[in-house]
Amino acid sequence: HFDGRPVVYIYRAQDIGGDAEAVMEEIRNRIGVDPYLIVEAHNWVPGNMMPITSIADAISYYKPWENREDINDVYPELYENGLTSLHLNAEHTGKDFFPPVIPGMDSSEVEHVNRDGETPLESSPELYEESIAALRPHLGDARGVLVTSFNEWFEDTQIEPNEEHGKSYLELTANEIAQGDTGEFDGVSGSVVTFEWGDTVPMSDGTEALASFSCDHVNLVDADGEVLAEYDVGRGEDDPVFISGAAAPHFTDQGPIRWFGGYNQETRFKVDVDADEIASIVMSGRALVDMSVTTRVGDKEATEEITGE
């Protein structure tokens with residue numbers, strides 16, 4: 001229980017649509033209690049991409065892993081950026097957050113679905129300890145931590161005692177997460193860019209997410225036309241740190257993209273450039289429908305009409 005309310009964790013929340021507020025009100029009336037809802041997002045997707053997060057008390061992620069050949073090299077950076085995204089999203093939305101931590105990930109033995117071609121994130125106490133160090137600055141504001149997992153052996157995420165590592169994972173969990181020191185979250189360095197979209201439509205990926213724009217690149221340009229920063233959207237470590245309104249990478253014949261939008265029609269992300277230096281923002285991709293879009297950075301604001309395809 002949290003605050004006297006029973007906890008309900010909703011797995012794969014991106015698959016749940018409909019009128020979430022009306023359904024939740026009916027549930028409360030029928031059972032006579034108000035559950036504390038934690039919704040699970042996917043691949044570090046900010047919560048506002050999914051309609052059900054409008055009624056959530058907290059956001060979390062079940063496994064902060066993604067399938068890419070170089071995952072063992074880039075995981076520490078992706079994990080740290082993902083934690084920052086989750087923390088900033090919680091500050092922006094006023095919701096609680098439960099950052100995840102895993103000792104590794106290998107689903108190659110899963111048989112009920114095809115996992116061929118997935119690259120394992122090699123499990124080790126060293127990776128777990130390194131991840132906890134990255135987690136520490138967020139512990140002071142987090143409502144709790146989601147450890148994936150105690151005994152999910154078939155995906156090699158277990159922290160349960162075993163012959164190879166003994167109680168190492170449990171001891172790290174107890175000493176470094178449950179009782180360890182918390183660091184200080186630095187918040188936003190640089191600036192935050194916000195797009196406010198005039199409309200959203202359901203995405204075509206089978207989820208209940210809402211989107212406005214399919215984006216592959218964002219460039220920040222100064223008054224002399226020089227590019228201050230270039231982001232290859234959808235390429236993980238080349239992304240800005242998304243705060244809200246950006247779906248997981250989607251891979252097309254032309255390369256990766258991210259859908260921008262969300263149920264509150266907003267995309268926000270952090271960039272490592274001061275707002276005073278940014279004269280214009282150039283975004284490439286396509287709008288899903290005709291709409292207006294308002295761009296904000298610092299005290300600057302501009303609105304334009306864009307044409308859907």
Side-chain angles (χ1 to χ4, degrees), residues 9-14 38-50 53 56 58-90 95-108 110 115 118-139 141-152 154-159 169 172-173 176-177 180 183 185 207 209 234-244 246-250 256 258 269-270:
Y9 184 93
I10 301 178
Y11 181 64
R12 292 190 60 88
Q14 71 269 18
I38 305 173
V39 300
E40 187 253 353
H42 182 62
N43 281 1
W44 297 114
V45 173
N48 74 318
M49 290 301 294
M50 305 174 296
T53 53
I59 308 293
S60 189
Y61 300 91
Y62 181 65
K63 52 186 178 185
W65 163 90
E66 62 181 78
N67 183 31
R68 46 187 295 174
E69 292 183 354
D70 59 349
I71 187 61
N72 287 282
D73 297 322
V74 302
Y75 179 76
E77 181 180 359
L78 294 179
Y79 180 65
E80 189 169 350
N81 287 343
L83 292 174
T84 299
S85 173
L86 177 61
H87 199 149
L88 292 175
N89 178 262
K95 297 185 184 298
D96 294 339
F97 70 105
F98 290 76
V101 62
I102 58 175
M105 172 75 188
D106 182 0
S107 59
S108 60
V110 174
R115 299 290 179 91
E118 291 192 353
T119 303
L121 176 63
E122 301 297 338
S123 299
S124 70
E126 291 74 24
L127 176 64
Y128 194 55
E129 187 170 17
E130 183 180 355
S131 297
I132 292 171
L135 181 67
R136 189 164 287 117
H138 307 277
L139 294 178
D141 294 326
R143 191 67 190 267
V145 174
L146 178 69
V147 178
T148 305
S149 63
F150 180 68
N151 61 355
E152 196 167 0
F154 68 93
E155 288 191 341
D156 200 26
T157 61
Q158 72 286 340
I159 63 169
Y169 293 128
L172 285 168
T173 303
E176 302 298 329
I177 298 179
F185 181 55
T207 72
R235 297 184 185 273
E237 69 276 16
D238 295 328
D239 274 325
V241 176
F242 288 105
I243 301 172
S244 66
H250 177 72
R258 284 184 188 264
F269 52 86
K270 183 181 84 69

Treating Asp239 as the side-chain partner and Gly234 as the backbone partner, does any N or O pair qualify as donor plus acceptor under 3.5 Å? yes

I'd like to check Phe185 versus Leu83 (side-chain heavy atoms, cut-off strictly below 4.5 Å). Are they in contact? no

Mind listing the closest non-hydrogen atom pair of Pro100 and Leu135 along with its distance? O-CD1, 4.4 Å

Work out which heavy atom in Phe269 is nearest to a heavy atom in Phe242; give both atom names and the distance. CB-CD2, 3.7 Å

Of the non-hydrogen atoms in Tyr75 and Ser131, which two are nearest, and what is the gap between them? CE2-OG, 3.8 Å

Note: Thr157 and Gly104 closest approach over all heavy atoms is CG2-O, 3.2 Å

What's the shortest heavy-atom distance between Ser60 and Tyr9, and which atoms? CB-CE1, 4.4 Å

When you measure from the side chain of Asp106 to the backbone N and O of Glu122, does any donor-acceptor pair fall under 3.5 Å? no

Would you name the heavy atoms of Phe98 and Val145 that are closest together and state the gap between them? CD2-N, 4.1 Å

Side chains of Tyr61 and Thr148 only: does a donor on one sit below 3.5 Å from an acceptor on the other? no

Taken to the nearest 0.5 Å, the spacing of Ile159 CD1 from Ile177 CD1 works out to 7.5 Å

Can you tell me if Asn72 uses its side chain to pair, donor with acceptor, with the backbone of Pro120 under 3.5 Å? yes

Once you round to the nearest 0.5 Å, how far does CD of Glu152 lie from CD1 of Ile102? 10.5 Å

Tell me whether the count of non-hydrogen atoms from other residues, nucleotides or ligands lying under 6.0 Å of CD in Glu118 goes above 12. yes

Is the His87 ring parallel, tilted or perpendicular to the Phe97 ring (thresholds 30°, 60°)? tilted

